[in-house]
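Notes follow the structure.
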Amino acid sequence: MSEPQVWDDVDEYFSTHLAPDDDALQAALRDSEAAELPMINITGTQGKFLQLLAEIQGARNILEIGTLGGYSTIWLARALPADGRLISLEYNPKYAEVATRNIARAGLDKVVEVRVGPALESLPKLADENPAPFDLVFIDADKVNNPHYIDWALRLTSTGSLIVVDNVVRGGRVTDADSTAPDVLGTRAAIELIGSHPRLSGTAIQTVGSKGWDGFALARVL
């Protein structure tokens, strides 16, 4: 049996027993595929991991950068209390429209707001609103801007907040110091920023599964 097949089988086993997709999550994936969104959403086990992180944090305010079809948004929002708030930033209006429908179907439209437009334009506007500090920030958007997103996350969080950056392995290309690929440059800059910033303590973990070889970075705001 090939390694990818084993990874898929293990993911299936873990998902079945620990993070099964319910009707709302399955519908979110089905509608995203029908709308021809790229199927680059996180897996169910990764969604459950994010939900658990938010629950461990006792999160009341969550910021997500990169909504796609709202699959990860649903997992995160389910960790919030009834008076909690999740703001998700999505560049693509079509993706945002699909996500908004999926979130409403999951019964989470009272706690989730999807804002459309380039995140680097939405973030300054959000900061101008002087919101309560976000307890968790999930960054899963265009990789070239990851260091800028981390900078904004630091402005919008406080001591003890968590920042999660997805897709940091880039198929192993993250180690290539000579790469000129924008996604690699952005990812390397983000990792090095986490490692050097005096207000961040972080690590990165490689993962394998149905999405292949990947990983995420996790940082705590000091």
Side-chain angles (χ1 to χ4, degrees), residues 1-34 37-59 62-80 84 86 88 90 95 98-99 102-103 105-108 111-112 134-141 143 146 149 153 161-172 174 183 187 190-191 194 202-220:
M1 188 179 293
S2 67
E3 283 188 346
Q5 181 60 55
V6 173
W7 299 345
D8 287 350
D9 291 347
V10 172
D11 249 3
E12 177 70 21
Y13 173 75
F14 285 161
S15 295
T16 298
H17 292 281
L18 302 173
D21 281 341
D22 57 22
D23 290 345
L25 289 165
Q26 290 173 4
L29 293 177
R30 184 175 60 249
D31 284 9
S32 295
E33 184 174 12
L37 273 60
M39 299 308 289
I40 54 174
N41 51 274
I42 61 172
T43 65
T45 50
Q46 291 166 344
K48 185 62 174 291
F49 175 75
L50 290 174
Q51 181 180 320
L52 287 169
L53 280 181
E55 290 171 346
I56 292 166
Q57 277 291 91
I62 296 174
L63 174 62
E64 179 181 51
I65 302 175
T67 317
L68 194 60
Y71 183 78
S72 57
T73 318
I74 293 170
W75 279 108
L76 283 165
R78 285 177 170 176
L80 289 170
L86 189 156
S88 189
E90 174 52 52
Y95 298 179
V98 173
N102 288 334
I103 291 161
R105 184 195 294 113
L108 295 165
V111 296
V112 175
F134 289 97
D135 305 299
L136 188 150
V137 179
F138 179 47
I139 300 171
D140 189 13
K143 310 311 173 186
N146 275 347
Y149 297 147
S161 297
L162 294 181
I163 301 171
V164 183
V165 185
D166 201 15
N167 308 127
V168 298
V169 172
R170 314 312 300 159
V174 70
D183 63 322
T187 300
I191 293 296
I194 291 171
T203 190
I205 301 294
Q206 298 183 76
T207 61
V208 295
S210 59
K211 298 295 182 179
W213 177 28
D214 210 330
F216 63 89
L218 174 66
R220 183 173 184 268

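Remember, predicted model here, so these are calculated numbers, not experimental data.
Listed by chain and number, the residues in a side-chain hydrogen bond (donor to acceptor under 3.5 Å, both in side chains) with Asp11 are Ser210 (sequence neighbours excluded). Scanning for ring pair (Phe, Tyr, Trp, His ring centres under 6.0 Å) contacts around Tyr95 gives an empty result, with sequence neighbours left out. Applying the salt bridge (Lys or Arg N to Asp or Glu O under 4.0 Å) test to Asp140 and every residue at least two apart in sequence or in another chain returns Lys143. Partners of Tyr13 by ring pair (Phe, Tyr, Trp, His ring centres under 6.0 Å), not counting sequence neighbours, listed by chain and number: His17. Annotation: salt bridge (Lys or Arg N to Asp or Glu O under 4.0 Å) contacts of Asp183 (sequence neighbours excluded): Arg170, Arg173. For Ser72, the side-chain contact (heavy atoms from CB on, under 4.5 Å) criterion is met by Ile42, Glu64, Phe138, not counting sequence neighbours.
When atom types are taken as modelled, the side chain of Lys48 and the backbone of Leu18 share a donor-acceptor pair closer than 3.5 angstrom. Gln51 contributes no side-chain N or O that, together with a main-chain N or O of Leu76, makes up a donor-acceptor pair within less than 3.5 Å. Side-chain atoms of Ser161 come within 3.5 Å of backbone atoms of Phe134 as a donor-acceptor pair (strictly under, hydrogens ignored). Remark: the backbone N or O of Asp135 is paired with a side-chain donor or acceptor of Gln57 at under 3.5 angstrom.
Scanning both residues, Ala77 and Leu108, for their nearest heavy atoms gives CB-CD1, 3.9 Å. Residues Ile194 and Gly202 come closest through the heavy atom pair CG2-CA, 3.9 Å. Of all heavy-atom pairs spanning Ala27 and Asn102, the tightest one is O-OD1, 4.0 Å. The shortest non-hydrogen separation linking Gly215 to Thr207 is N-OG1, 3.4 Å. Here the closest heavy-atom approach between residue Ala79 and residue Ala54 is recorded as CB-CB, 3.5 Å. Residues Leu80 and Ala59 share a closest heavy-atom pair of CD2-O, 3.5 Å.
Between the CG atom in Leu86 and the CG atom in Leu136 there is a gap of 9.0 Å [rounded to 0.5 Å]. We find the CZ-CD distance between Phe216 and Gln206 to be 11.0 Å, quoted to the nearest 0.5 Å. Note that CG of Asp31 and CG of Leu37 are 10.0 Å apart. Values are rounded to the nearest 0.5 Å. With rounding to the nearest 0.5 Å, the separation of CG in Leu63 from OH in Tyr149 is 11.0 Å. In this structure, CG in Leu52 is found 8.5 Å from CH2 in Trp75, a value given to the nearest 0.5 Å. With rounding to the nearest 0.5 Å, the separation of OG in Ser15 from CG in Asp21 is 7.0 Å.
Between the side chains of Gln26 and Asp22, not a single donor N or O lies within less than 3.5 Å of an accepting N or O.
Within 6.0 Å of CD in Glu55 there are more than 12 heavy atoms belonging to other residues, nucleotides or ligands.
Residue Val165 forms a side-chain contact (heavy atoms from CB on, under 4.5 Å) with just one option from Ile65, Leu218, Asn146, Ile191, and that option is Asn146. For the side-chain contact (heavy atoms from CB on, under 4.5 Å) with Ser88, the qualifying choice from Leu68, Ile103, Thr67 is Thr67, the only one to do so.
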Requested in this report: Go through Lys211 and Asn41 one step at a time and tell me if the side-chain contact (heavy atoms from CB on, under 4.5 Å) criterion holds.
Outcome: CA-CA 9 Å; Lys211 298 295 182 179; Asn41 51 274; 4.0 Å; yes

Requested in this report: Could you please spell out the steps behind the side-chain contact (heavy atoms from CB on, under 4.5 Å) verdict for Leu162 and Val137?
Outcome: CA-CA 6 Å; Leu162 294 181; Val137 179; over 6 Å; no

Report task. Evaluate the criterion side-chain contact (heavy atoms from CB on, under 4.5 Å) for residue pair Arg78 and Leu25; output intermediate values, then yes/no. Result -> CA-CA 11 Å; Arg78 285 177 170 176; Leu25 289 165; 3.5 Å; yes

Report task. Apply side-chain contact (heavy atoms from CB on, under 4.5 Å) to the pair Leu53 and Val164, showing each step before the final yes or no. Result -> CA-CA 10 Å; Leu53 280 181; Val164 183; 3.9 Å; yes

